[in-house]
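Below is one structure, written out as structure tokens, with a few remarks after it.
Every chain is numbered from 1 and lettered A, B, ... according to where its sequence line falls, protein lines coming before strand lines.
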2 protein chains.
Amino acid sequence: MNIGDVSTRLGLPAKTIRYYEDIGLIKPLRSANGYRTFVAADVHRLAFLGRARALGFTIEDCRTLMALYHDESRASSDVKDLAKDHLGKIEAKIHDLQMMHETLSELVNTCAGDNRPDCPILSDLSGLSSTLS
Amino acid sequence: MNIGDVSTRLGLPAKTIRYYEDIGLIKPLRSANGYRTFVAADVHRLAFLGRARALGFTIEDCRTLMALYHDESRASSDVKDLAKDHLGKIEAKIHDLQMMHETLSELVNTCAGDNRPDCPILSDLSGLSSTLS
DNA sequence: TCTTGACCCTCCCGTCACGGGAACCTTCAT
DNA sequence: ATGAAGGTTCCCGTGACGGGAGGGTCAAGA
């Protein structure tokens, strides 16, 4: 299989696949013309990477997860710890975003949104926080 | 005021303040020795930027918001539209993260986390999704 | 056979919002 | 005079790719 086929099959951009080879996550063979040749194992690794990335794991996490996957003597606690750590980061991000959302939606709700210049959003940003409500 | 004072006062790293000058968000004067000199207006602009960034606005959004702030003939609808757009992006991110969180926490909960190698997290990533539950 | 269009390749720069650190100058207190 | 603590510029690195130039390769139709 060439890179385009793999790309279509997995929904991963060819650029991404080349990048994963660059950083050593996959090592596809090359055919005589220089094209990358992907065998089932390569496709499987890429699918694994795609799913791990979709869950928000960093590339380095993915590297670790792949190593654990191929390590017969792994402990599931190592995987679980990594995943729990990642879960914690996701929760932190959600929390930050929810804080922003709360503040900003309050401001948006108090803004008339007409053609007059008065705007509580700008007032708040400028520090003239006329402590809303 | 020198950059260090402003940094301390606003809780913004000096690097960040220099960066904001680089990209034209502020234009502090220079004293004879080449040091940046910040007057009240500069500090105010930086505080504005700090708050806008804390709400997750991009630098380009901040540029627009500052321009609107200094534009007497602005319409509050312009500000509100920008903020609503940003709110939408925040909501999208929260949604994505919540999807990841849901999937990942289910996987984490079904993983024994002991010293045996069997791990539903890795099984799922590898595509052997033994449809959990 | 020639061409055309769809592949593929490498290489390099751009993203976003800074952070780290080198190499250097200035100011202030001792 | 000296040393520490400020300030300056400049350049590279981050994460995970995307865009695009410039070029080679392949399969199908005229």
Side-chain angles (χ1 to χ4, degrees), chain A residues 1-38 42-43 45-46 48-66 85-86 89-90 92-93 96-97 100, chain B residues 1-39 42-43 45-46 48-66 86 89-90 92-93 96-97 100:
Chain A
M1 280 177 95
N2 284 345
I3 201 168
D5 307 318
V6 180
S7 173
T8 304
R9 224 174 254 219
L10 299 182
L12 285 177
K15 277 278 192 182
T16 299
I17 298 174
R18 294 196 192 98
Y19 174 64
Y20 289 170
E21 184 189 11
D22 269 358
I23 62 174
L25 286 174
I26 51 167
K27 300 186 203 307
L29 297 174
R30 299 294 180 122
S31 45
N33 57 18
Y35 289 15
R36 288 169 185 81
T37 295
F38 298 84
D42 297 317
V43 177
R45 289 176 72 91
L46 283 169
F48 184 103
L49 288 168
R51 277 184 288 262
R53 291 285 303 130
L55 287 178
F57 284 105
T58 67
I59 290 285
E60 283 317 300
D61 282 349
C62 291
R63 200 187 294 278
T64 304
L65 287 168
M66 293 252 304
D85 195 73
H86 180 45
K89 289 174 188 163
I90 289 176
K93 279 187 194 169
D96 289 352
L97 287 169
M100 291 179 190
Chain B
M1 280 177 94
N2 283 346
I3 200 168
D5 306 320
V6 180
S7 173
T8 304
R9 223 175 254 220
L10 300 181
L12 284 178
K15 278 278 191 181
T16 299
I17 298 174
R18 294 197 191 96
Y19 174 66
Y20 289 169
E21 185 189 11
D22 269 358
I23 62 174
L25 287 174
I26 52 167
K27 301 186 200 307
L29 297 175
R30 299 296 180 119
S31 46
N33 57 17
Y35 288 17
R36 289 169 182 81
T37 295
F38 298 84
V39 297
D42 296 318
V43 177
R45 289 176 73 90
L46 283 169
F48 184 105
L49 288 168
R51 276 184 288 262
R53 292 286 300 128
L55 287 179
F57 285 105
T58 67
I59 289 286
E60 283 318 299
D61 283 348
C62 291
R63 200 188 296 278
T64 304
L65 287 168
M66 294 250 307
H86 180 44
K89 289 174 188 164
I90 289 176
K93 280 187 193 170
D96 288 352
L97 287 169
M100 291 179 191

Exercise for review: Would you check if the side chain of B/Asn2 reaches a backbone N or O of B/Gly4 as a donor-acceptor pair within less than 3.5 Å?
Suggested key: no

**Study point:** Flag, side chain of A/His86 to backbone of A/Leu55, donor-acceptor distance under 3.5 Å
**Key:** yes

Review point. With sugar-phosphate meaning primed atoms plus P, OP1 and OP2, does A/Ile3 contact a base, only sugar-phosphate, or nothing at under 4.0 Å between heavy atoms?
Key: sugar-phosphate

**Study point:** A/Tyr19, nearest nucleotide to its side chain (from D/dT9, C/dG19, D/dC17)
**Key:** D/dC17

Practice item. Round to the nearest Å and state the distance from B/Asn33 atom CG to D/dT9 atom C1'. Key: 14 Å

Review point. Nearest to the side chain of B/Thr16, which nucleotide is it out of C/dG19, D/dT9, D/dC26?
Key: C/dG19

Practice item. Take B/Lys15 and B/Ala32, find for each the nucleotide of DNA chain C with the closest heavy atom, and name the residue whose nucleotide sits nearer the 5' end. Key: B/Lys15

Point to revise | Nearest-angstrom distance from the residue atom CD1 of A/Ile17 to C1' of C/dC8 | key: 13 Å

Revision key, fill the gap. Among D/dG18, D/dC26, C/dC8, the one nearest any side-chain atom of A/Asn2 is C/dC8

Exercise for review: Considering only NZ, NE, NH1 and NH2 on the basic side and carboxylate oxygens on the acidic side, decide whether B/Arg18 and B/Glu21 come within less than 4.0 Å.
Suggested key: no

Practice item. Ignoring the backbone of B/Arg36, work out which of C/dT26, D/dT8, D/dA16 is nearest its side chain. Key: D/dT8

**Study point:** Side chain B/Asp96, main chain B/Lys93, donor-acceptor under 3.5 Å
**Key:** no

Review point. Has the side chain of A/Tyr35 got a donor or acceptor that lies under 3.5 Å from a partner of the other kind on the base of D/dG24?
Key: yes

Study note, to complete from the structure: B/Asp22 CG to C/dC18 C1', in whole Å, measures 11 Å

Practice item. Could you check how far CG of B/Asp5 sits from P of D/dA5, rounded to whole Å? Key: 16 Å

Check your understanding: So what does B/Tyr20 hit on the nucleic acid, given a heavy-atom distance under 4.0 Å: a base, only sugar-phosphate, or nothing?
Key -> sugar-phosphate

Exercise for review: Look at all strands and tell whether A/Arg53 reaches a base, only sugar-phosphate, or nothing, counting heavy atoms closer than 4.0 Å.
Suggested key: sugar-phosphate

Check your understanding: Quick one: B/Leu49 CG to C/dC18 C1', roughly how many Å, whole number?
Key -> 14 Å

